[in-house]
Amino acid sequence: MSYLTAFITGGIICSIGQILIDKTKLTPARILVLFVCVGVILTGIGLYEPIVEFGGAGATVPLTGFGYALAKGVIKDVESLGILGIFTGGIKAASGGITAAVFFSLIASLIFRAHAKN
Amino acid sequence: MDKVYTNNEYKKIVDKVSPNSPIVKNITRAFFVGGFICIIGQFITNFFLNRGASRETVSSITPILLIFIAVILTGLDLYDTLGKFAGAGSVVPITGFANSVASPAIEYKSEGLILGLGAKMFTVAGPVLVYGISTSVIVGFFYYLLK
Amino acid sequence: MKRLGTQTIKLENPVSIIDTASIVGKKEGEGPLASYFDYILEDEYWGEKSFEKTESKILYETINKVLQKSKKTSSDINYILAGDLLNQCISSAYAIRDTNIPFLGLYGACSTMVESLSLGAILIDGGFANNVIAVTSSHFCTAERQFRFPLELGSQRPQTSQWTVTGSGASVLSNDGSGPKITTITTGKIIDMGIKDANNMGAAMAGAATDTIFTHFNETCRNIDYYDLIVTGDLGHIGSNLTNNMLNKIGVNIEQKFTDCGILIFDKEKQDTHAGGSGCGCCASVFSGYLYKKLKEREINKLLLIATGALMSTTIVQQGESIPGIAHAISIENL
C-alpha cells in the first residue's frame, strides 16, 4: 500500500513540475529552486506534513521533500535551541543529502568524463 | 527596408509557428518515472524501517542512497538520457538534484580540480541551496516569533 | 564603382572558390549529407582531452585537408579568415597558431562562414591577396557548456531549440583558377525582432535573413528566377518558416527554391534534433561539403548563400536583453 501512495504522490508532484516546464519555459534549475522553496513554506504553514503522512517517500523524495527536511529541521532546532535554531536547524536536517551529493559527485568526476547527448 | 512586423506582432507569429511540447506525453512520462523513483525511495525506507532503523535515520539514508545511484547514472552517461525521456520526472526528485551537482563537476573537471570541478559543482544546484536555506531561515524566524 | 547599393557590392573580378573541405562529428555523419563530407569523427573527443581542443583540431585538420585538396601550401595563402563560437574565438586561434599564415579572426556567430567568404573575396578582388582560406567551426559539446548546461544534466531540450553542429568547413578562394565564383556580396545589418528566448534562435535570426534577402534582390535587380537555389545558414525549421512568412508578406516568394543548412544536415524525425542544426560549423560544413559539390557538378549554377547569426552571449541574455540577428549573403555562380 505504501508503494502505491508513494507512486501516486511522487507522480503528481513531478507532473506539476512538467506542466511548469512546458507551459512557462522555466528551466530545470528554476524548477529545482521553486520546488525546494515551496516545500519549505508548505511545511512551515503545516500543509506538507499531511502529504508526507499520506505519500511517504512520494512526498519526501521530490525536492519539495528536501524543503520539508529543511523546514522541519529549523522548527525542531528553534524548539530546542531558541533563536539560534533558525540558523542551525535547516542544513543539519539536510546534511546527509548535501554531503552525499558533494562527495559522490567529487568521486564520480574523478572517474567519469562527459559525453555528448544522444 | 522597414520591419515586416512590429516586435509585438512578430512575437505572436513566432508563438504560432513554434511547436508546443507534447505536453500529454511529457506529463505521462514525468508521472510514471517520478512515481517510480519514489517507489524506489519507499522501498529503501521500508527496508530499513523493517530492520529496526529509526525514522530519523531512514530519512537520511534514503536520500543518500538515491543520490548515490543518481550520481553513478550521471557518470555512466545514462541520467541525461533518462532526463530526455522523463523531463520533470527525473528533475524534481532528489536524484535530479544529485544529477545537477554531478553533471557540472564531471563537465568542468577539464578546468582543474579547484576552479573547474570544485568551483563549478554548484552552478546549477547552488541556487537550490541559497534559496532553500534562506527560505528555511525565514520560516524559522516566523516560527520563533509565533510559537 | 563596385557598389550596387547601400549593402551590396559586385566584384569586378569574380573570385574562384578553388576547393573546399569539411570534417564533421558522428551525429552529422549519420545524417542525410554524410556522403558529402571529407571526414567523419568516430566520437566527440577525437583523441583530445577536452572538447575545446577537439574543436580546434577539427578546424586545423580541415585547413590541412583543404590545402591538400587544392594543392596549395601554407606559403601560398596570404590570409586565413576564421571564426567560431567560443569566447575570444579560441578554436580558430589555437588551430591556426601552427600554420604560419597571417590570420584575421572573425566573429559573426553562426553567420561567420559567409562573413569570411565575403571578406576573403573582397581582399582578393581588391588586389591585396592571391589566395585566402575562409574557415569556421563549431562543436556541440563546447557550445552546450558555453551557452547552455553541462552535458550530463538530465533536461529536455525545448522543441524550438537547435542542435549545434560539430564540424568545420573550409574554402580556398583564389584570383586564379577554376571553380564556382563569388560574384556579389550583400552585407547584413543587425536586426532585432525583440526575441528573448535563447532556445528559439531561428526566430531571432529570421528578421535579419528576410532583410538581407529582400535587400539583395532589390540592389542587384534580381529576383527568385535568377537563382537555382537560395540557402540560409542555420535558421532551422522555425526560422525558415518565419522568413518565408515575412518575405511573402512583402511580395517576395522564394519558397520553392529555398532551403536551409540547418534543415539539410539532420534528419529531423530520426535524429531528434528538433528545430534543426545550428552553429558556425553548420553553414560551413553544408556549404563546403554538399553545396560546393552540387555547384561543381553543375546541378546548381547560381546559388544565393545567406548565413545567419544570433549576436548574443549568455551574460546579456540573462540580463534580459533581446537577441539581435544578422545575415550576410553571397552569390556563388558558375560563370
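Not measured: the values here are computed from a predicted model.
Using a 4.5 Å cut-off between heavy atoms, A:V102 contacts chain B through both its backbone and its side chain. Neither the backbone nor the side chain of B:F142 comes within contact range of chain A; no heavy atoms are under 4.5 Å apart. Both the backbone and the side chain of B:I23 come within contact range of chain A, judged by heavy atoms closer than 4.5 Å. Using a 4.5 Å cut-off between heavy atoms, B:L66 touches chain A through its side chain atoms alone. The contact between A:Y3 and chain B is made by backbone and side chain atoms together, counting heavy-atom distances below 4.5 Å. No part of B:L65 comes within reach of chain A, as not one of its non-hydrogen atoms sits under 4.5 angstrom from that chain.
With contacts defined as side-chain heavy-atom distances shorter than 4.5 Å, the pair A:V36/B:Y131 does not qualify. Taking 4.5 Å as the limit, some side-chain heavy atom of A:I31 sits within range of a side-chain heavy atom of B:V92.
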For residues 31-42 of chain B, tabulate all N or O donor-acceptor pairs below 3.5 Å that involve a side-chain atom, not counting sequence neighbours.
residue: B:Q42; atom: OE1; partner: A:A57; partner atom: N; Å: 2.7
residue: B:Q42; atom: NE2; partner: B:N46; partner atom: OD1; Å: 3.0

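Around the CD1 atom of A:I111, the shell of radius 6.0 Å holds more than 12 heavy atoms that belong to other residues, nucleotides or ligands.
Of the charged side-chain nitrogens involved, at least one lies within less than 4.0 Å of a carboxylate oxygen, so that A:K76 and B:E56 count as a salt-bridged pair.
Comparing B:T95, B:I133, B:T45 by how many heavy-atom pairs each has under 4.5 Å with chain A, the most go to B:I133. If you tally non-hydrogen atom pairs under 4.5 Å between each of B:T62, B:N20, B:D77, B:N99 and chain A, the highest count goes to B:D77. Highest contact tally toward chain A, considering only B:S110, B:S90, B:A70, B:G89, is held by B:G89 [criterion: heavy-atom pairs under 4.5 Å]. Among the candidates B:G75, B:A102, B:G132, B:A125, the residue making the largest number of heavy-atom pairs closer than 4.5 Å to chain A is B:G75. Chosen from B:V91, B:L113, B:T28, B:T81, the residue pairing most often with chain A at heavy-atom distances under 4.5 Å is B:V91.
Here the closest non-hydrogen pair linking A:L70 and B:S136 is CB-CB, 4.0 Å.
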*When you look at B:Y143 and A:V74, which way does the side-chain contact (heavy atoms from CB on, under 4.5 Å) test go after all the steps?*
CA-CA 9 Å; B:Y143 185 79; A:V74 162; 5.8 Å; no
